[in-house]
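Below: the structure, in structure tokens.
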Amino acid sequence: MSEEKSLNFLEEIIEADLASGKYKQIITRFPPEPNGYLHMGHATSICLNFGLTKKYGGYTNLRFDDTNPITEDTEYVESIKADIRWLGFEWKHELYASDYFETLYGFAVQLIQKGLAYVDDSTSEQIAAQKGTPTQPGINSPYRNRSVEENLQLFEAMRNGKYQDGEKVLRAKIDMAHPNMLMRDPLMYRIKHAHHHRTGDKWCIYPMYDFAHGQSDSIENITHSICTLEFVPHRELYDWFIAQLGIYPSHQYEFARRNLSYTVMSKRKLLQLVNEKLVAGWDDPRMPTISAMRRRGYLPESIRDFCDGIGVAKRENLVDIGLLEFYVRERLNKVALRRMVVFDPLKITITNFADETEWVETENNPEDPNAGLRTMPFSRELYIEREDFMEQPPKKYFRLAPGQMVRLKSAYIIQCNEVIKDAAGNVTELKCTYLPESKSGNDTSGIHVKGTLHWVSVAHAVPIEVRLYDRLFTVENVDAAEGNFKDYFNPKSLEVMHTVFAEPALQNANIAERYQFMRKGYFCLDKDSYPQKLIFNRTVGLKDTWAKEMKKA
RNA sequence: UGGGUUAUGGUGUAACGGUAGCACUACAGAUUUUGGUUCUGUCUGUCUAGGUUCGAAUCCUAGUAACCCAACCA
């Protein structure tokens with residue numbers, strides 16, 4: 001019974017740093033760019049960064065990496081904050097890279113003074129051409145040897161708006177033949193006469209990621225700056241700037257971002273789905289965004305469980321979305337209120353039942369005795385699920401069939417006596433009889449049936465709408481599939497059933513509650529609901545071993 | 001053809017020179033008034049080839065494969 005959970009590589013680093021006394025507390029940061037909604041990939045980063053400081057003591061800052069005014073907006077700032085809080089985390093300081101623009105400018109001036117940065121008049125194309133390729137060294141810019149004084153003067157003029165966008169840039173002077181492309185005189189500042197969501201029109205030059213991120217980490221005394229693997233080559237530059245500036249040495253550590261099967265995670269692709277109306281918006285429940293998962297009914301605990309469960313490492317991966325669904329079910333099973341809803345109704349008449357309503361008691365959640373009981377109206381005319389009847393049942397079919405008996409959950413055992421069909425031969429109704437002595441909780445019939453069905457009383461049924469969701473794409477590894485990713489969009493990812501029949505208790509459904517429509521899946525009320533029509537999202541289906549069995553046959 | 005990162009069952013992740021473990025999935029069974037839940041059991045793995053060692057997933061050598069880097073994006 002060893003409770004020792006093995007550590008991931010970041011925990012090992014942190015424990016070593018703490019043990020050696022390198023740090024007394026650790027400080028991390030979550031650094032989103034406010035140019036889109038957060039998705040499952042961000043959730044893993046959030047759980048990691050906040051989880052680490054929660055575990056080891058210290059804190060996590062929320063820092064918006066807002067160095068590109070063209071793409072950023074406060075709308076995103078608000079949604080990002082809401083998503084982090086919903087996931088259950090709270091940041092120490094809410095910060096913005098733009099808060100540091102003046103400091104960053106000063107850092108740039110220092111580098112110019114040390115002869116480590118210069119203003120370049122080359123065009124974007126010329127710079128690209130000078131850069132070389134991964135296998136060929138680059139060549140120096142003709143502007144590389146300007147004097148410190150001239151660079152200082154030009155950089156100030158850049159700041160003062162003397163130049164148009166793209167006319168000049170500030171570059172670090174490192175080594176145009178460096179094997180790491182990022183060290184070949186990387187850009188530090190570019191000119192953008194654009195309105196910034198926080199600094200307004202104060203600036204017309206903006207720092208690049210590489211000249212903002214590490215310095216921001218340093219300013220905040222971030223001890224462990226955790227990012228994804230594609231930034232590994234940036235680390236050399238990250239360290240270089242910090243070393244040349246002689247500022248607090250934050251360190252960058254990289255992990256492999258998590259990929260999920262049957263979906264896409266890049267902001268660019270998600271934005272395309274939204275813009276091209278393949279989905280209804282960022283929070284369309286099919287999306288892998290946090291806002292979509294919330295709307296769909298996922299519990300934040302499930303997402304945290306998932307992030308813990310998949311761990312963190314440095315190898316490429318494609319996590320089965322079924323694993324996420326497992327954690328979603330696991331949590332929901334414990335809290336969801338059970339309700340009965342018939343999707344595809346088949347009317348049955350209990351011929352020996354009086355023309356009256358009997359209210360039967362049933363539990364709200366067998367997993368939670370505290371959830372209590374409710375009553376359901378049982379009457380002569382009921383709906384059952386059409387798929388719960390077969391005229392010619394296969395072996396081991398425990399549901400209703402001519403002459404066969406089943407229990408109606410929390411009510412009585414019934415037997416099917418007669419099948420009524422229309423002219424086309426479709427089954428339209430069943431005539432059944434019930435066993436009065438078989439009432440749930442009071443069964444003296446001595447009869448044991450294998451099947452138990454959900455049902456609703458025809459006269460009391462509440463029509464509701466349900467929205468059923470399936471995987472967003474038809475292939476497991478969307479990013480690796482040939483051609484355009486949209487070719488693999490799953491046209492059946494949304495199925496709307498406009499009218500299904502719910503037991504009356506669902507009339508009082510509220511958006512905070514989670515429900516299990518018995519034998520159907522987990523559902524939650526959608527915000528699109530209006531007084532005349534309740535709309536439910538299927539969060540995730542139940543495991544269905546019978547369906548699997550039938551598929552095999 | 002340069003630099004960097006990574007290789008453990010179907011998937012994800014442990015094992016830090018000493019019995020390849022855990023979770024999901026799959027399969028078989030028990031329980032069940034949800035064909036749900038719960039419980040039990042089973043199958044499947046160390047990229048390849050050499051070497052060091054009493055002993056290698058782990059150390060060494062040589063390969064192989066995948067991913068990242070040539071945005072005035074982050």
What is the nucleic acid contact for [X], judged by heavy atoms within less than 4.0 Å: base, sugar-phosphate only, or nothing?
X: Arg258(A); answer: sugar-phosphate
X: Pro32(A); answer: nothing
X: Thr228(A); answer: nothing
X: Gly138(A); answer: nothing
X: Asn68(A); answer: sugar-phosphate

When you check the phosphate oxygens OP1 and OP2 of [N], does a side-chain N or O of [X] lie under 4.0 Å from one of them?
X: Ser124(A); N: rC72(B); answer: yes
X: Lys552(A); N: rC27(B); answer: yes
X: Ser6(A); N: rC22(B); answer: no
X: Arg171(A); N: rC72(B); answer: no
X: Lys548(A); N: rC27(B); answer: yes
X: Arg190(A); N: rA74(B); answer: yes
X: Lys314(A); N: rG4(B); answer: no
X: Arg519(A); N: rG35(B); answer: yes

Nearest-neighbour nucleotide for the [X] side chain, [options] considered:
X: Val319(A); options: rA66(B), rG12(B), rG2(B); result: rG12(B)
X: Arg338(A); options: rG35(B), rU34(B), rC69(B); result: rU34(B)
X: Val232(A); options: rG36(B), rU13(B), rG4(B); result: rG4(B)
X: Thr133(A); options: rU5(B), rA70(B), rC73(B); result: rA70(B)
X: Leu229(A); options: rU5(B), rG35(B), rC24(B); result: rU5(B)
X: Arg399(A); options: rA70(B), rG36(B), rG35(B); result: rG35(B)
X: Ile310(A); options: rU34(B), rG35(B), rG12(B); result: rG12(B)
X: Arg407(A); options: rC24(B), rU33(B), rG35(B); result: rU33(B)

Rounded to the Å, how far apart are [X] [atom1] and [N] [atom2]?
X: Asn333(A); N: rC24(B); atom1: CG; atom2: C1'; result: 17 Å
X: Leu237(A); N: rA71(B); atom1: CG; atom2: C1'; result: 15 Å
X: Trp546(A); N: rU34(B); atom1: CH2; atom2: P; result: 17 Å
X: His234(A); N: rC69(B); atom1: NE2; atom2: P; result: 8 Å
X: Arg315(A); N: rC47(B); atom1: CZ; atom2: P; result: 10 Å
X: Tyr253(A); N: rU6(B); atom1: OH; atom2: C1'; result: 20 Å
X: Met188(A); N: rC72(B); atom1: CE; atom2: P; result: 15 Å
X: Leu38(A); N: rA74(B); atom1: CG; atom2: C1'; result: 14 Å

Residues His234(A), Tyr209(A); criterion side chain to side chain contact (heavy atoms under 4.5 Å, CB included); working and verdict: CA-CA 10 Å; His234(A) 292 252; Tyr209(A) 165 85; 4.1 Å; yes
Mind checking who [N] pairs with, Watson-Crick or G-U wobble, both distances under 3.5 Å?
N: rU46(B); answer: none
N: rA57(B); answer: none
N: rG21(B); answer: rU13(B)
N: rA74(B); answer: none
N: rG35(B); answer: none
N: rA7(B); answer: rU64(B)

5' priority, RNA chain B, between Gly132(A) and Phe231(A) [closest heavy atom]: Gly132(A)
First of Asp165(A) and Lys543(A) reached from the 5' end of RNA chain B, by closest nucleotide: Lys543(A)
Ring-ring centroid check Phe517(A) Phe536(A), cutoff 6.0 Å: yes
Ring centres under 6.0 angstrom apart (Tyr522(A), Tyr515(A)): no
Between Tyr262(A) and Asp320(A): side-chain donor-acceptor atoms closer than 3.5 Å: no
Residue pair His213(A) / Arg29(A), side-chain donor-acceptor N/O under 3.5 Å: yes
Cation-aromatic face contact Arg159(A)/Tyr105(A), 6.0 Å, 45 degrees: yes
Per-pair stack call Tyr209(A) and rA74(B), 5.5 Å, 30°: no
Non-hydrogen side-chain atoms of Val342(A) and Ile384(A) separated by less than 4.5 Å: no
Any side-chain heavy-atom pair of His196(A) and Trp203(A) under 4.5 Å: no
